[in-house]
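Counting starts at 1 for both ligands and their atoms, in listed order. Treat the numbers as computed from the prediction; the structure is a model and nothing was measured. Reckoned from all heavy atoms, side chains included, excluding hydrogens, waters and symmetry mates.
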Amino acid sequence: MSEHNFIAGAWCGAAGGGSYERRNPARGEDLVGIIPRSGPADVDAACAALEAGWPEWAATPHERRVEILNRAADLIIERVEAYAEDLTREEGKTIGASRMEWKRAAANLRLYAGEAVRMRGETYPSADGLVYSVRAPLGVIAVITPWNFPISLPSRKIGPALATGNAVLFKPSEATPLTGRNFVQVLLDAGVPTDAIALLQGTGAELGHAIVTAPQVKAVTFTGSYAVGAAIHGAAGPGRRLQLEMGGKNACIVMPDADVSRAAAIIAQGAFNLTGQACTATSRAIIVGDNHDAIVARVAEIASTMVAGDGFDPATKIGPVATRAQYDKVRKAIAMARAEGLELALGSDSLPDLTEEQGGFFVTPTIFANVPTSSMLSREEIFGPVLAFHRTASYEEAVALANATDYGLAASIVTNDYATIERFARDIDAGIVKINSATGGVSGAAPFGGIKNSSNQTYREQAGLGVMDFYTTTRTVYLAA
Ligand code: NAD
């Protein structure tokens with residue numbers, strides 16, 4: 001069995017010997033790897049090693065931690081081609097998107113290396129001696145991530161965790177084990193001590209509870225679905241710090257003054273880029289006024305040129321859906337939409353039933369027009385290249401519809417009217433508000449996070465004031481004269 005776990009300084013398999021196969025979603029005959037199916041015994045072993053090892057990492061001078069993170073960024077750039085190939089093989093996204101994502105990871109590590117030298121405390125007024133605060137790392141931090149951004153998301157969690165002197169227990173998605181392994185390898189090669197990081201591969205169902213309830217784990221930073229985020233919230237208990245970034249049902253509103261072609265390009269990019277598998281992807285287009293049919297036609301025209309295929313093929317614009325489970329979810333959503341009698345403006349309602357061994361989970365851009373607000377397509381996260389168009393009569397109606405979901409991750413509006421833009425930024429229930437650009441695609445230098453069921457809203461991640469706060473605690477010290 002392949003040794004894809006990293007526990008107590010050694011690459012190893014799961015303690016119980018269990019494993020699973022990960023196959024290329026574009027070509028099922030390509031076996032990506034036999035991956036350990038870890039369980040509670042592996043969590044125990046990893047946590048014990050990290051707990052023993054992290055004080056030394058915490059005591060490592062910050063200049064050295066900065067050096068190591070910058071070195072890891074350099075090594076990523078040197079190895080980007082090989083790492084991007086592994087990512088495309090196991091997740092399906094185009095090779096260009098995989099290269100970009102690894103480069104974002106390198107940039108993230110440099111950002112957090114820089115933040116490490118800015119960690120500081122404060123002094124407070126005192127009538128008697130000195131009162132000041134110091135920052136301290138938390139200890140072992142669990143990092144649990146999804147498959148859709150399998151390196152940019154781990155890097156924006158593991159980077160700040162290590163920069164501030166914590167130890168990391170990393171559980172990547174079961175769909176992207178090679179990228180998880182490559183990231184840990186590059187960190188070790190750059191000089192992260194072997195007892196400051198552990199990697200556990202396997203399914204969340206088998207590992208999740210043991211990780212989030214392990215006594216050594218002081219904080220959990222998670223990105224994934226609402227259902228799993230809610231389970232972690234329930235299991236973790238009150239004494240553990242949690243950062244939960246979850247799903248979305250993102251809307252793009254088009255006002256009557258918008259240019260039809262520009263609006264269509266924004267919608268098509270937001271909905272179908274990365275096969276619609278971005279948490280910030282546009283899944284609803286809400287057209288105010290009379291341009292619904294014209295915009296549907298233009299988006300369909302753009303989307304019909306987006307070739308779905310193997311991410312290694314230079315002609316491919318959108319790769320396969322990443323897993324069989326996800327493919328089945330998309331198929332089911334399309335079948336339900338057809339059963340509801342919805343109007344299919346582009347795409348196919350007869351996707352073949354495929355096994356893991358067959359692979360080829362290709363879904364071409366799928367568009368439903370004139371979708372009523374009662375449809376499941378207007379509420380549920382599908383996470384694939386499926387877009388619902390709604391027609392509304394007014395801005396107020398459009399915003400009410402955009403907000404009529406349990407999620408609140410990203411939203412956008414296309415208009416040139418300043419007063420509407422300013423109003424929208426206040427009215428919309430979303431953590432990320434885009435004006436005249438797609439809901440997807442965010443800056444690496446700005447805070448990221450949703451509201452409502454898209455986030456537990458404790459700490460924003462990625463960048464911005466306070467982004468490092470999740471990874472440290474403060475101690476207030478009273479020093480008598
Ligand atoms: P998922 O929730 O199924 O899995 C995410 C991770 O949690 C995986 O590593 C999985 O193994 C693990 N997990 C599963 N059950 C667990 C449990 N009981 N305890 C602990 N861990 C467990 O999500 P996914 O299918 O990998 O990714 C798609 C989802 O991620 C979508 O809902 C998408 O919106 C969301 N997402 C959100 C953001 C964001 O920043 N808000 C970014 C990317 C993806």
Novice: I'd like to know if the side chain of Gln201 reaches the main chain of Ile35, judged simply by a donor and an acceptor atom lying under 3.5 Å from each other, with no hydrogens or angles considered.
Specialist: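 No, because the side chain of Gln201 does not come within donor-acceptor range (under 3.5 Å) of the backbone of Ile35.
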
Novice: Tell me whether Gly204 has any N or O atom under 3.5 angstrom from an N or O of ligand 1.
Specialist: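 Indeed, backbone or side chain, Gly204 has an N or O that close.
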
Novice: Which heavy atom of the protein is the closest neighbour of atom 37 (C) of ligand 1, given with residue, atom name and distance?
Specialist: Met246 O, 3.1 Å

Novice: Do the non-hydrogen side-chain atoms of Glu461 and Lys157 ever get within less than 4.5 Å of each other?
Specialist: yes

Novice: Should Asp328 and Lys332 count as an ion pair when the cut-off is N to O under 4.0 Å?
Specialist: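 Result for this pair is no, no salt bridge flagged.
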
Novice: Starting from atom 28 (C) of ligand 1, locate the nearest protein heavy atom and write down its residue, its atom name and how far away it is, to 0.1 Å.
Specialist: Phe383 CE2, 3.7 Å

Novice: Any idea which protein heavy atom is nearest atom 40 (O) of ligand 1, and the distance to it?
Specialist: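 Its nearest protein heavy-atom neighbour is Phe448 CE2, 3.0 Å.
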
Novice: Checking a contact table here: which protein heavy atom is nearest atom 35 (C) of ligand 1, and how many Å away?
Specialist: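 That would be Gly224 O, 3.2 Å.
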
Novice: Less than 4.5 Å apart, any side-chain heavy atom of Phe368 and any of Leu377?
Specialist: yes

Novice: Applying a 4.0 Å heavy-atom criterion (strictly less than), which segment of Tyr226 is in contact with ligand 1: side chain, backbone, both, or neither?
Specialist: neither

Novice: Heavy atom of Ser455 under 4.0 Å from ligand 1?
Specialist: no

Novice: Using heavy atoms and a threshold below 4.0 Å, how should the contact between Ala227 and ligand 1 be classified: side chain, backbone, both, or neither?
Specialist: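 Ala227 to ligand 1: no contact under 4.0 Å from either part.
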
Novice: Which bit of Leu409 gets closer than 4.0 Å to ligand 1, counting heavy atoms only: side chain, backbone, both or neither?
Specialist: side chain

Novice: Would you call the rings of Tyr459 and Phe470 parallel, tilted or perpendicular if under 30° counts as parallel and over 60° as perpendicular?
Specialist: perpendicular

Novice: Give me the residue, atom name and distance of the protein heavy atom closest to atom 25 (O) of ligand 1.
Specialist: Trp147 NE1, 3.0 Å

Novice: Which of the listed options, Thr176, Thr145, Leu207, holds the heavy atom that is closest to atom 6 (C) of ligand 1?
Specialist: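 Minimum heavy-atom distance to atom 6 (C) of ligand 1 goes to Thr145.
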
Novice: Find all atoms of ligand 1 within a distance of less than 4.0 Å from any non-hydrogen atom belonging to Pro172, and give their numbers and elements.
Specialist: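 Under 4.0 Å from Pro172, ligand 1 has these atoms: 9 (O).
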
Novice: Of Cys279, Ala281, Ala325, which has the heavy atom at the shortest distance from atom 38 (C) of ligand 1?
Specialist: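 Answer by nearest heavy atom: Cys279.
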
Novice: Quick check: does Leu153 get an N/O under 3.5 Å from an N/O on ligand 1?
Specialist: no

Novice: Would you find a donor on one side and an acceptor on the other, under 3.5 Å apart, between the side chain of Arg89 and the backbone of Leu31?
Specialist: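 Yes; judged by distance alone, with no hydrogens or angles, the pair exists.
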
Novice: Can you sort out which atoms of ligand 1 are near Ser173, meaning under 4.0 Å from one of its heavy atoms?
Specialist: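 Per the distance check, 9 (O).
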
Novice: Considering all protein heavy atoms, does one lie under 4.0 Å from atom 4 (O) of ligand 1?
Specialist: no

Novice: Any donor-acceptor pair under 3.5 Å linking the side chain of Ser155 with the backbone of Ile151?
Specialist: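 Yes, Ser155 side chain to Ile151 backbone: donor-acceptor pair under 3.5 Å.
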
Novice: Arg240 side chain to Ala236 main-chain N or O, any donor-acceptor pair under 3.5 Å?
Specialist: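 At least one qualifying donor-acceptor pair exists.
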
Novice: Below 4.0 angstrom from a heavy atom of Ile232, which ligand 1 atoms are there? Numbered from 1 as shown, please.
Specialist: 19 (N), 20 (C)

Novice: Is it the case that Arg181 places NZ or CZ above or below the six-membered ring of Trp11, under 6.0 angstrom from the centre and within 45 degrees of the axis?
Specialist: yes

Novice: Any idea which atoms of ligand 1 are less than 4.0 Å away from a heavy-atom of Phe222?
Specialist: 2 (O), 5 (C), 6 (C), 7 (O)

Novice: Is there a polar contact, in the sense of an N or O pair closer than 3.5 Å, between Ser225 and ligand 1?
Specialist: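 Yes.
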
Novice: Tell me the protein heavy atom at minimum distance from atom 19 (N) of ligand 1, and give that distance in Å.
Specialist: Gly208 CA, 3.2 Å

Novice: Output yes when a side-chain donor or acceptor of Thr164 lies under 3.5 Å from a complementary backbone atom of Pro160, and no otherwise.
Specialist: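 Side chain of Thr164 to backbone of Pro160: a pair is present.
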
Novice: Give the residue and atom name of whichever protein heavy atom lies nearest to atom 10 (C) of ligand 1, and the separation in Å to one decimal.
Specialist: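 Protein heavy atom at minimum distance: Glu174 OE1, 3.6 Å.
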
Novice: Without swapping roles, check the side chain of Asn166 against the backbone of Ala161 for a donor-acceptor pair under 3.5 Å.
Specialist: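 Confirmed, Asn166 side chain pairs with Ala161 backbone.
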
Novice: More than 12 non-hydrogen atoms from neighbouring residues, nucleotides or ligands closer than 6.0 Å to NZ on Lys317, yes or no?
Specialist: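 No.
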
Novice: Going by the atom numbers of ligand 1, which of them fall below 4.0 Å from some non-hydrogen atom of Asn148?
Specialist: 43 (C), 44 (C)

Novice: Taking 4.0 angstrom as the limit, do Glu174 and Arg22 come out as a salt bridge?
Specialist: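 Salt bridge flag = no for Arg22 with Glu174.
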
Novice: Strictly below 4.0 Å, N to O, side chains only: are Asp406 and Lys249 in salt-bridge contact?
Specialist: no

Novice: Among protein heavy atoms, which lies nearest atom 32 (O) of ligand 1, and at what distance?
Specialist: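 Looking at atom 32 (O) of ligand 1, the protein heavy atom closest to it is Glu381 OE1, 2.7 Å.
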
Novice: For Thr223, is at least one N or O under 3.5 Å away from an N or O on ligand 1?
Specialist: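 Not met; the criterion fails.
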
